[in-house]
Amino acid sequence: MSDSAVSAAPLATIASLAQHEGQTVTLRGWLYNLRESGKLLFPIFRDGTGTIQGIVPKAAVPEEVFTTIKNLTQESSVVVTGKVRADKRAPSGFELDVENIEVIHRIPEETPFPISLKEHGVDFLMEHRHLWVRTPRQSAILRIRATIMRAAQEYFDTNGFIRTDPPILTPNACEGTSELFEMDYFDQEKAYLTQSGQLYIEATALALGKVYSFGPTFRAEKSKTRRHLTEFWMIEPEVAYLELDGLMELAENFVSHIVKRVLEGHQADLKVLQRDVAKLEAIQAPFPKISYDEAHAMLEEAYKKGAIENPHTYGDDFGSPDETYISSQFDRPVMVHRYPAAVKAFYMEPDPKDPTKALCLDVLAPEGYGEIIGGSQRVSSYELLKSRIEAHDLPLEAFQWYLDLRKYGSVPHAGFGMGIERVVAWVCGLDHVRETIPFARTLNRIYP
RNA sequence: UCCGCAGUAGCUCAAUGGCAGAGCAUUCGGCUGUUAACCGAAGGGUUGUAGGUUCGAGUCCUACCUGCGGAGCCA
């Protein structure tokens, strides 16, 4: 096991082994699992890009190499040298004929790696999230998350948007509704963690035309559902002179682009997740668009057929089961627009054709995943906005700067926010958003 | 906050009010094509906490703690 022998072969990653068929390469990673059959060992290695099974016949390697591998423990870190060989029996199509190994850190058997290959409960896994992320499934999700974030930014960056990041510490509620995380801001003041950058990017949109923000947002709501985190990432475009129709077009092109990028780069990961790829391939703009009234009619029909448990009251927002039903009726995301203004935020522009409705949209992901995007055209009239702020009992002083935007060259403008974790959950086919972020923050967990 | 469910070996789970068990993990032994390998053996327990009922409680009752699922709210 000389170091020179180990380092002599060129470095490779497991994901790129197809390019190294027949060559001897060096992999740097960890032991994922070890099976043995007498004088034959089958160590499976992982390196963050994938997994590969090594083959170690006792007769083919020095005694010391065989013994070292035979005594390895799960998740011990190793540098392995071996020859890449195509093999039909291997799930990835390739195997590694191990020639040499260097153990970087061997986990003692008294303290085995806690996460075995067998089934575990949610609480145990979340308690060991720092180790859980090593498993193939979790790694696949995190790689797809990275692509979704990159594709989202790429779409805006290549379409003339300027990224302008709003503050994370804010002086007041953006919408005056959700619960906020509060903290002391030096001596006299309170500060709050942002729940949306929207109001701030309305300001930068009027400066730069097309902008977006991307960062973490915080909600102190005591929600405990598969769709909620207390800390989540949101990407929000805001565009001057954009109206509702244009906003819907932006949303469908944006979402289609993201799904396309995942399909291009993550076939292997989607396979690990056992995702039905055909369902993702159907995600192409344009998306179906229905009004709140039409959605309400669908729900009435569904209730008559017994497809949903409770009737939907006209005028109310849609509940979680309502959204799930509506979205499950389409093979691509459905855009629901023009909700009753009364149930929506104060800053949404009323529909000139029916002022009781707001020029807003929700995008509901298919397969019952529910809302991934919420957005609207914003009130552009100073007087209307001022009266709305007052009607919602919001402190006028705090919104003075926001009102200024309507005082100096106000224009129609619109934007939306997309929750990254919900998109990851949908694209990966997961049943809970806690697996979509490296370290989820939920109502009952802030560790690890 | 409300409704429902659950806490037993490191993990996943059994156990009619009557001796606390299995699989995996760990250790030892066997096996040259295994795919969460398999076969044999060993070690491993204050049954979430505090009370109560009972001859006897993992099991029944009360309170609390922790977690899970759902609702509301939202992305």
Side-chain angles (χ1 to χ4, degrees), chain A residues 32-44 51-60 66 71 73-75 87-92 95 97 107-128 131-132 135-137 174-175 177-179 195-198 216-236 251 309-310 316-324 343-345 362-365 369-375 416-426 431-434 436-437 442-445:
Chain A
Y32 173 64
N33 190 22
L34 175 65
R35 285 186 288 265
E36 52 176 300
S37 179
K39 307 280 182 288
L40 192 54
L41 305 178
F42 300 98
I44 298 179
T51 60
I52 185 155
Q53 175 167 275
I55 311 298
V56 192
K58 192 171 169 59
F66 187 84
N71 290 323
T73 46
Q74 186 193 1
E75 282 303 314
D87 193 309
K88 284 200 177 69
R89 290 168 292 193
S92 69
E95 290 185 336
D97 289 325
I107 300 178
E109 35 283 285
E110 302 84 60
T111 55
F113 189 70
I115 301 179
S116 69
L117 274 53
K118 289 276 186 181
E119 197 181 1
H120 294 286
V122 170
D123 187 40
F124 177 81
L125 291 171
M126 290 305 288
E127 197 69 19
H128 295 84
L131 303 175
W132 188 24
T135 61
R137 183 181 160 82
C174 283
E175 304 182 15
T177 51
S178 316
E179 294 288 324
Q195 58 173 335
S196 165
Q198 181 204 312
T217 51
F218 308 86
R219 307 264 168 104
E221 287 154 8
K222 304 216 166 175
S223 310
K224 33 184 299 187
T225 78
R226 65 187 66 198
R227 297 172 183 173
H228 288 85
L229 299 171
T230 55
E231 175 182 326
F232 65 99
W233 284 64
M234 188 151 66
I235 188 160
E236 300 174 274
E309 216 170 300
N310 298 305
D316 285 359
D317 208 345
F318 300 125
S320 205
D322 300 329
E323 276 185 5
T324 301
V343 300
K344 286 293 180 179
D362 279 2
V363 179
L364 310 181
Y369 275 91
E371 184 176 357
I372 53 171
I373 282 178
F416 61 74
M418 186 183 81
I420 293 295
E421 287 74 20
R422 287 189 181 174
V423 174
V424 176
W426 161 50
D431 55 12
H432 203 297
V433 290
R434 66 184 156 222
T436 64
I437 187 168
T442 57
L443 180 57
N444 291 313
R445 181 174 297 285

By the 4.0 Å heavy-atom rule, please label G319(A) as base, sugar-phosphate, or nothing. sugar-phosphate

Whole-angstrom distance between G7(B) and A15(B), as gauged at atom P: 10 Å

C60(B) - base-pair partner by Watson-Crick or wobble geometry, distances under 3.5 Å: G52(B)

Nearest-angstrom distance from the residue atom CD of E221(A) to P of C2(B): 17 Å

May I ask you to decide whether R445(A) forms a salt bridge with E127(A), counting only side-chain N to carboxylate O separations under 4.0 Å? yes

Would you call the rings of H128(A) and F124(A) parallel, tilted or perpendicular if under 30° counts as parallel and over 60° as perpendicular? tilted

How far, in whole Å, is A71(B) from C11(B) if one measures between their P atoms? 30 Å

Upstream residue (5' side of RNA chain B) when P112(A) and I44(A) are each assigned their closest nucleotide: P112(A)

hbond_proxy E110(A) side chain to U26(B) base (donor-acceptor, 3.5 Å cutoff): no

Any side-chain N or O of S320(A) less than 4.0 Å from the OP1 or OP2 oxygen of A71(B)? yes

Base of C13(B), side chain of E119(A) - is there a donor-acceptor contact under 3.5 Å? no

Rounded to whole angstrom, note down the P distance from U59(B) over to A50(B). 13 Å

For R227(A), report the nucleic acid contact type (base, sugar-phosphate, nothing); a contact means any heavy atom under 4.0 Å. base

Can you tell me, in whole Å, how much space there is between the P of G17(B) and that of C74(B)? 47 Å

Does a side-chain N or O from N444(A) land closer than 4.0 Å to OP1 or OP2 of U66(B), or not? no

Rounded to the nearest angstrom, tell me the gap between atom NZ in K118(A) and atom P in G23(B). 11 Å

Under 3.5 Å for both donor-acceptor distances, Watson-Crick or wobble: does U1(B) have a partner, and if so which one? A71(B)

Just N and O in the side chain of R35(A): are any of them under 4.0 Å from OP1 or OP2 of U32(B)? no

If A14(B) has a Watson-Crick or G-U wobble mate with both distances under 3.5 Å, name it; if not, just say none. none

Output the single nucleotide from U35(B), G72(B), A75(B) whose closest atom is nearest the side chain of P91(A). U35(B)

Classify the nucleic acid contact of D317(A) as base, sugar-phosphate or nothing, counting any heavy atom under 4.0 Å across all strands shown. sugar-phosphate

Output yes when a side-chain donor or acceptor of E75(A) lies under 3.5 Å from a complementary backbone atom of N33(A), and no otherwise. no

Which nucleotide wins on minimum distance to the side chain of F124(A), given the candidates A37(B), C68(B), U12(B)? U12(B)

In whole angstrom, what separates H228(A)'s NE2 from C73(B)'s C1'? 6 Å

Between the main-chain N or O of E371(A) and the side-chain N or O of R422(A), is there a donor-acceptor pair closer than 3.5 Å? yes

For I115(A), which contact category applies under a 4.0 Å heavy-atom criterion: base, sugar-phosphate, or nothing? nothing

Counting heavy atoms from C-beta on, name the nucleotide in U27(B), G33(B), C31(B) closest to the side chain of E36(A). C31(B)

A37(B), OP1 or OP2 - any side-chain N/O from N33(A) closer than 4.0 Å? yes

Using the C1' atoms only, state how far C38(B) lies from G23(B), rounded to an integer number of Å. 14 Å

So H432(A), base contact, sugar-phosphate only, or nothing? Heavy-atom distance under 4.0 Å. sugar-phosphate

Mind listing the closest non-hydrogen atom pair of V363(A) and A251(A) along with its distance? CG2-CB, 4.3 Å

Gap between atoms CZ and P, on F42(A) and U34(B) respectively (whole Å): 7 Å

So what does K224(A) hit on the nucleic acid, given a heavy-atom distance under 4.0 Å: a base, only sugar-phosphate, or nothing? base

Would you mind telling me which of A75(B), G72(B), G69(B) lies closest to the side-chain atoms of R434(A)? G69(B)

Under 4.0 Å, counting only non-hydrogen atoms across every strand here, what does Q53(A) touch: a base, just sugar-phosphate, or nothing? base

Check: I55(A) main-chain N/O paired with E95(A) side-chain donor or acceptor under 3.5 Å: no

Polar side-chain contact S223(A)-C74(B) base: donor and acceptor under 3.5 Å: no

Between G21(B) and U16(B) - P atom distance, rounded Å: 14 Å

Between CG of D87(A) and P of U35(B) the distance, given in whole Å, is 14 Å

On a whole-Å scale, what distance lies between the C1' atoms belonging to G40(B) and U35(B)? 22 Å

Between C1' of A36(B) and CG of L34(A), the distance in whole Å: 14 Å

Could you tell me whether E323(A) and R227(A) make a salt bridge, using a distance below 4.0 angstrom between a side-chain N and a carboxylate O? yes

Given the C1' atoms of U46(B) and A9(B), what is the spacing between them in whole Å? 13 Å

Write down the distance between CE (M126(A)) and P (U12(B)), rounded to a whole number of angstrom. 14 Å

Return whichever of D431(A) or S37(A) has its heavy-atom-nearest nucleotide of RNA chain B closer to the 5' end. S37(A)

Cut-off 3.5 Å, side chains only: do R89(A) and Q53(A) have a donor facing an acceptor? no

Which is true for I55(A) with a 4.0 Å heavy-atom rule: it touches a base, it touches only sugar-phosphate, or it touches nothing? base

Nearest whole Å is fine: how far is C3(B) C1' from E309(A) CD? 12 Å

